[in-house]
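Below: one structure, written as structure tokens.
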Amino acid sequence: MASKLYIETYGCQMNFSDSEIVVSILKNHDFELVNDPKDATAIFINTCSIRDNAEKRVIKRLHNLNAYRKKRPDLIIGVLGCMAERVKESLFEEEKLGMRIDMIVGPDSYRDLPKLLESVEQGQKAINVILSNEETYADLMPVRYSSNNVSAFISIMRGCENFCSYCVVPYTRGKERSRDPKSIINEAKQLIDNGYREITLLGQNVNSYNWDNEIKFFHLLEKIASLSDLLRIRFATSHPKDLSNELVNVIAAYPNVCRSIHLPVQSGSNNILKKMNRKYTVESYLERIDYIKNKIPDCAISTDLITGFSGETEKDHNSTIDLMKKVKFDFAYMFKYSEREGTIAAKTFVDNVPENVKTERLEEIISLQQKFSKQSNEKDIGKVFEVLVEGHSKRSHKELMGRNSQNKVVIFGNNGKPPGEYLNVQIKECTSATLKGDVV
Ligand code: 5AD
Ligand code: SF4
């Protein structure tokens, strides 16, 4: 009888993409995927370490999942991904708290999963957290198990060596390495043949994609954009220090490369950016934004912001507000600084902004951003956008949802068009989060 795998994923898009690799590896080893943990013989949690609360959520969930052992004593529970890599074997010590973990597997060790599972079946605990300089899983075809059959991720590189001082990723995901472009293009072609219409190219810092010093990210993007006019291409994430003119020019030249760039700025204060080791200034960031807006006037720009980083003064915080007012981001992810053990910031600085101040500052930037998101959406009222249908809207089967090139969610009347079709929708109303309109 096939073993039954249940997998749950936390964190960034890269983790979701990795879970598709994990499923692909185990399907080749007589594992069948189940949607309910109570039907599983093995439960995997693919984890995130980016902030402390992400890890706390995982621990809580693992405690809940341990309850399934009562009915199934031979149940295997595995921790995968960044938290496995960061916490390593000391995760096994959670046993003291009444929960058992059977395997710990870092993000570069998924090929080893069948062997690790075998040793767990023989009664041992299993761990592999070795990071690799080469692994890109290039030859594996991910199993798109929770896909809408319209959009898919393709991982184009792994790891990060930027060492932003607050960030744990260089320690949990290891050295930066790019994937063979031939395998990326093959994967994209297969997706197109299978009816997919949108691909998101993924990496911690896609702008430093580099294959043999010959193929840079903008070359790769151009090759993929040329595959089919019916295909939309997105990518994430870009680092402002590496966003080249060539890249912006390729986006401008190919209408099927989406008019949406996620460009995390983190802070609007040069002092803080320096302490964060971001390697750009507010001025050079604004110059990048100007270049984008000049070349691609309808390009949406989104960002990430951290409040309360070590030493952040009221003045630094106000500089972030000033930057937000200058750029008027279409969308932003905003976080309180969470000190991560082992990072440069944890070793060099003191996490000295009080929790209540972090919260106040976060609330302030969130409400400001909401205003800008609403304004950005209001400007779209009356415009007609090409929308790629993804499926029913969450609220009602009478409505469909899709996205425009700017990555905004658009809701419109259900005219029976199947997912994967392009429609023109005229925007009639909006909230700060969505656009609503009619098919024209
Ligand atoms: N604390 C808070 N936010 C963080 N991020 C990364 N590390 C931390 C941290 N230690 C945020 C950054 C990054 C996003 C993915 O998560 O804004 O761009
Ligand atoms: Fe973390 Fe900076 Fe790398 Fe992004 S670029 S993953 S923030 S170290």
Side-chain angles (χ1 to χ4, degrees), residues 2-12 14-16 18-27 29-132 135 145 168-169 171-174 338 340-342:
S3 305
K4 291 181 175 166
L5 170 69
Y6 171 79
I7 185 162
E8 213 166 85
T9 309
Y10 292 80
C12 64
M14 199 72 181
N15 260 10
F16 285 81
D18 278 3
S19 289
E20 297 180 338
I21 303 255
V22 167
V23 173
S24 154
I25 290 168
L26 289 177
K27 278 220 160 153
H29 282 82
D30 209 21
F31 264 83
E32 148 197 344
L33 200 65
V34 295
N35 291 325
D36 191 330
K38 81 171 178 333
D39 302 327
T41 57
I43 295 178
F44 288 169
I45 306 292
N46 195 355
T47 61
C48 172
S49 280
I50 198 96
R51 283 169 290 277
D52 186 49
N53 54 13
E55 290 199 350
K56 287 214 172 93
R57 259 178 82 203
V58 166
I59 294 286
K60 204 164 153 207
R61 184 63 180 143
L62 284 167
H63 276 281
N64 290 339
L65 289 168
N66 258 268
Y68 292 104
R69 289 195 194 276
K70 284 201 192 106
K71 283 209 176 130
R72 201 183 267 276
D74 55 348
L75 176 68
I76 296 171
I77 297 186
V79 177
L80 275 51
C82 285
M83 199 172 158
E85 193 62 52
R86 195 188 79 76
V87 188
K88 301 191 168 63
E89 57 274 2
S90 49
L91 257 177
F92 288 138
E93 288 168 17
E94 288 287 327
E95 270 181 15
K96 288 178 211 143
L97 305 170
M99 111 173 148
R100 196 176 93 212
I101 290 166
D102 304 292
M103 48 199 292
I104 296 173
V105 190
D108 287 345
S109 307
Y110 298 145
R111 284 182 204 269
D112 207 20
L113 277 168
K115 239 177 51 212
L116 296 168
L117 276 161
E118 242 173 64
S119 52
V120 174
E121 276 157 7
Q122 286 158 11
Q124 290 154 28
K125 292 211 177 262
I127 177 163
N128 187 344
V129 288
I130 298 169
L131 287 172
S132 157
E135 181 64 273
Y145 63 91
V168 77
V169 169
Y171 310 92
T172 61
R173 288 192 161 266
S338 164
R340 309 311 286 132
E341 198 186 329

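Given the structure is predicted, the values throughout are model-derived calculations rather than measurements. Positions are given from 1 along the sequence.
- Looking at heavy atoms from C-beta onward, T172 lies out of side-chain contact with P107 at the 4.5 angstrom threshold.
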Side chain to side chain donor-acceptor pair (under 3.5 Å) between D108 and S132, intermediate numbers included: CA-CA 6 Å; D108 287 345; S132 157; 4.8 Å; no
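- Between I101 and L65 there is no side-chain heavy-atom pair separated by less than 4.5 Å.
- In terms of heavy atoms, I7 sits closest to Y145 at CG2-OH, 3.7 Å.
- Scanning both residues, T47 and A84, for their nearest heavy atoms gives OG1-N, 3.7 Å.
- Rounded to the nearest 0.5 angstrom, R340 CZ and Y171 OH are separated by 12.5 Å.
- The CG atom of L75 sits 4.5 Å away from the CD1 atom of I43 when rounded to the nearest 0.5 Å.
- The CG atom of L113 lies 5.0 Å from the CZ atom of F44; values are rounded to the nearest 0.5 Å.
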Are K88 and I104 close enough, and set up right, to give a side-chain contact (heavy atoms from CB on, under 4.5 Å), and what steps lead you there? CA-CA 7 Å; K88 301 191 168 63; I104 296 173; 5.6 Å; no
Check against side-chain contact (heavy atoms from CB on, under 4.5 Å), H29 and K115: CA-CA 10 Å; H29 282 82; K115 239 177 51 212; over 6 Å; no
Run T9 and S19 through side chain to side chain donor-acceptor pair (under 3.5 Å) and show every step you take. CA-CA 7 Å; T9 309; S19 289; 2.8 Å; yes
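- Rounding to the nearest 0.5 angstrom, the gap separating the CG atom in N66 from the CD1 atom in I77 is 4.0 Å.
- Sparse packing is recorded around CZ of R57, with 12 or fewer heavy atoms of other residues, nucleotides or ligands lying under 6.0 Å away.
- The number of heavy atoms from other shown groups lying within 6.0 Å of CD (E341) does not exceed 12.
- Rounding to the nearest 0.5 angstrom, the gap separating the CZ atom in R69 from the CG atom in D74 is 9.5 Å.
- Not a single donor-acceptor pair under 3.5 Å links the side chain of S3 to the backbone N or O of F31.
- Distance check: Y110 OH to I21 CD1 gives 9.5 Å after rounding to the nearest 0.5 Å.
- When all heavy atoms of S338 and D52 are compared, the closest pair comes out as OG-N, 2.9 Å.
- When D112, I127, L80, L117 are each tested for a side-chain contact (heavy atoms from CB on, under 4.5 Å) with M103, only one passes: L117.
- Contact detail for E55 and C48: the closest heavy-atom pair is CG-O, 3.7 Å.
- Scanning both residues, Y10 and F16, for their nearest heavy atoms gives C-CE1, 4.4 Å.
- Taking every heavy atom of both residues into account, C82 and R173 meet most closely at SG-NE, 3.5 Å.
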